[in-house]
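A short write-up of the structure that comes next.
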Amino acid sequence: MTQPDLTIYLAAPRGFCAGVDRAIKIVEMAIEKWGAPVYVRHEIVHNKFVVDSLRDKGAVFVEELDECPDDRPVIFSAHGVPKSVPAAATKREMVFVDATCPLVSKVHIEAERHYDNGLQMIMIGHAGHPETLGTMGQLPEGEVLLVETVADVAKVDVRDPSKLAFVTQTTLSVDDTIDIVAALRERFPAIVGPHKEDICYATTNRQEAVKAVAPDCDALLVVGAPNSSNSKRLVEVAAKNGCNYAQLVQRATEIDWRALDGIRTLGITAGASAPEVLVNEVIDAFRDRYNVTVQLIETAQENIEFKVPRVLRIPA
Ligand code: SF4
């Protein structure tokens, strides 16, 4: 039986960003330097495949510092941690390495600078996400107000509307955030913040690539994890930009073949924490069922690389 034709539009940029790449290398270097086990507080990046492969090499993933013994090194994930975490590790005289993405650290510094200038902070982010918890945790409890939606902006109760600043999570939807920032600036004209928002280059580029691909696709699959903020945003961006069926899949085994019945065009992308090997696995699964032609749709080129410390030092 001849297989049906399928054109796959492969979005680029997609997959690993510089912050994820750096965080994974830090765990690998730590295991090499100190031997197993090396503890990692929270999934180093939100991807089961990556976490499982590091676990095989000797990483132990925990949610809280309390779960780590004093005498083994611990790594803090790319999402960043509240200040209380390195403080507790220092108090316990633990060896720790901070794998926070430099673009998240930049937001932490911004928040602290505004606070030092006497401004109350508003964070645009998702409640409970580790990056939001980490950024809010740079300042004393209660100093950062969280808004998630335009509706939240109307309700937020500030100390002094003339002394406000905002920061954002790095992995938000660019379009949704534009609306929230506009609402903040309208309600609080004196609010200080970044020129647009703090959404990182990788999040922005992956969303732009999906916008270019989505209108031409009968369906679009985002390779990524259900707890990956930037991956979930890619699904939403595809749906908002004319693709009738957009789904997150962690691996080829999660593809809902029945829902894809009859498609002729398929978009594929991957969140910033999803390795390319999983994208290839998904494409190969389609090759088993379709006569596939792959077209690369590239909307930007990325050559950003973050330095990994050559020697992992024990913090003073
Ligand atoms: S998604 Fe952006 S902020 Fe997050 S790790 Fe990657 S580069 Fe850094």
Side-chain angles (χ1 to χ4, degrees), residues 46 79-80 82 103-104 106-108 110-115 117-208 210-211 214-215 220 222 224-248 271-272:
H46 284 156
H79 312 96
L103 298 182
V104 175
K106 184 173 148 265
V107 180
H108 291 180
E110 268 176 58
E112 274 199 286
R113 186 170 48 86
H114 292 314
Y115 177 71
N117 288 335
L119 304 180
Q120 188 178 18
M121 292 301 310
I122 292 180
M123 171 153 199
I124 307 173
H126 296 294
H129 188 277
E131 185 187 327
T132 299
L133 297 172
T135 301
M136 292 178 76
Q138 298 308 301
L139 302 186
E141 202 168 335
E143 280 300 323
V144 187
L145 305 167
L146 181 69
V147 299
E148 296 187 83
T149 60
V150 169
D152 288 349
V153 174
K155 289 182 274 177
V156 70
D157 188 14
V158 304
R159 238 181 350 240
D160 178 349
S162 68
K163 288 188 178 162
L164 281 180
F166 75 91
V167 291
T168 78
Q169 198 178 318
T170 58
T171 52
L172 300 176
S173 149
V174 173
D175 294 337
D176 292 352
T177 308
I178 287 173
D179 294 342
I180 300 173
V181 170
L184 277 175
R185 292 198 194 279
E186 194 183 328
R187 184 167 171 212
F188 308 115
I191 197 165
V192 174
H195 175 56
K196 289 194 296 186
E197 18 65 10
D198 300 298
I199 297 172
C200 75
Y201 80 95
T203 300
T204 307
N205 288 348
R206 280 149 193 69
Q207 289 179 16
E208 283 304 312
V210 164
K211 280 187 200 173
L220 186 141
V222 177
N227 57 345
S228 160
S229 172
N230 79 86
S231 303
K232 287 194 287 189
R233 301 295 83 77
L234 292 175
V235 174
E236 293 166 4
V237 169
K240 276 190 191 162
N241 285 273
C243 180
N244 288 332
Y245 179 87
Q247 277 294 315
L248 194 63

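As a basis for the values below, the full set of heavy atoms in this structure was taken, side chains included, without hydrogen atoms, waters or symmetry mates.
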Checklist entry - To the nearest 0.5 Å, how far apart are CD in Glu112 and CG in Leu139? => result 6.5 Å
Item to check | Interatomic distance, Leu119 atom CG to Arg159 atom CZ [nearest 0.5 angstrom] | outcome: 9.5 Å
What I'd like to find out is whether the side chain of [X] reaches to under 4.5 Å of the side chain of [Y], using heavy atoms alone.
| X | Y | value |
| --- | --- | --- |
| Thr171 | Ile199 | no |
| Leu146 | Met136 | yes |
| Pro130 | His46 | yes |
| Ile124 | Asp198 | no |
| Phe166 | Met121 | no |

Under a plain distance cut-off of 3.5 Å, with no hydrogens placed, do [Y] and [X] share a side-chain donor-acceptor pair?
| X | Y | result |
| --- | --- | --- |
| His126 | Arg233 | yes |
| Ser173 | Gln207 | no |
| Glu197 | Thr177 | no |

Checklist entry - Is there a donor-acceptor pair closer than 3.5 Å between any side-chain N or O of Arg187 and the backbone N or O of Ala183? => result no
Checklist entry - Thr135 side chain to Glu131 main-chain N or O, any donor-acceptor pair under 3.5 Å? => result yes
Checklist entry - Which residue, Thr203, Val222, Leu248, Leu220, forms the side-chain contact (heavy atoms from CB on, under 4.5 Å) with Leu234? => result Val222
Checklist entry - Where do Met123 and Val107 land on the side-chain contact (heavy atoms from CB on, under 4.5 Å) test, with the steps shown first? => result CA-CA 10 Å; Met123 171 153 199; Val107 180; 5.5 Å; no
Next on the checklist: Lys211: which residues meet the salt bridge (charged side-chain N to carboxylate O under 4.0 Å, His left out) condition with it, sequence neighbours left out?
Outcome noted: Asp175, Glu208
Next on the checklist: Please enumerate all residues that pass salt bridge (charged side-chain N to carboxylate O under 4.0 Å, His left out) together with Lys240, with sequence neighbours excluded.
Outcome noted: Asp176
Next on the checklist: The test is side-chain contact (heavy atoms from CB on, under 4.5 Å); show your working for His108 and Val104 and say whether it passes.
Outcome noted: CA-CA 6 Å; His108 291 180; Val104 175; 3.5 Å; yes
Next on the checklist: Apply side-chain contact (heavy atoms from CB on, under 4.5 Å) to residues Ile122 and Val144 and explain how you reach the verdict.
Outcome noted: CA-CA 5 Å; Ile122 292 180; Val144 187; over 6 Å; no
Item to check | Heavy-atom pair with the smallest gap, counting every atom of Thr132 and Gln169 | outcome: OG1-OE1, 2.8 Å
